[in-house]
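The structure appears below as structure tokens.
Heads up: numbering here begins at 1 and tracks the sequence.
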Amino acid sequence: MNYLYGGIFLFVGLFLITVLFSYQNTHIDPAFGTTLKYQIYAFPLFLIANMLIGYGIKFGF
């Protein structure tokens, strides 16, 4: 059961990271102000994604 949780956490975390970076790449202007504002707003989502990846690796091993 831990392998299932690990796989799901890894998939969701990596998918979330991919979505966040691809959204930034296509929709956020590369100017400093808009990039900074996006990074501040997206920080909680990056934190959640990093926690999911970490727990996915932990449950996978």
Side-chain angles (χ1 to χ4, degrees):
M1 195 65 173
N2 283 341
Y3 290 125
L4 179 65
Y5 291 148
I8 290 171
F9 285 173
L10 275 173
F11 177 77
V12 171
L14 292 172
F15 181 76
L16 186 59
I17 291 285
T18 303
V19 167
L20 289 169
F21 279 128
S22 65
Y23 180 81
Q24 179 183 359
N25 192 24
T26 57
H27 293 95
I28 304 299
D29 187 37
F32 180 76
T34 55
T35 303
L36 179 64
K37 187 169 75 171
Y38 171 75
Q39 290 296 329
I40 290 171
Y41 289 147
F43 179 75
L45 296 174
F46 280 112
L47 179 66
I48 291 169
N50 285 327
M51 295 284 290
L52 285 170
I53 292 169
Y55 277 111
I57 291 171
K58 177 183 175 184
F59 288 142
F61 282 116

Query - Pairs involving residues 3-21, ordered by first then second residue, that meet side-chain hydrogen bond (donor to acceptor under 3.5 Å, both in side chains) (sequence neighbours left out) - result: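 Checked against side-chain hydrogen bond (donor to acceptor under 3.5 Å, both in side chains) - neighbours excluded - no pair reaches residues 3-21.
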
Requested in this report: Report the residues that fulfil side-chain contact (heavy atoms from CB on, under 4.5 Å) with T34, sequence neighbours left out, ordered by chain and then residue number.
Outcome: I28, D29, A31

**Report entry** In one Ile/Leu/Val/Met/Phe/Trp/Tyr side-chain cluster, 4.5 Å: V12, V19
**Finding:**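 No, V12 does not connect to V19 through the hydrophobic network.
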
Query raised in the report: Just how far is it from atom CZ of F15 to atom CG of L10, taken to the nearest 0.5 Å?
Result: 14.5 Å

Cut-off 3.5 Å, no hydrogens considered: what does the side-chain donor-acceptor table look like for residues 37-56, sequence neighbours left out?
from	atom 1	to	atom 2	distance (Å)
Y38	OH	L20	O	2.7
Q39	NE2	Q24	OE1	3.0
N50	ND2	F46	O	3.2

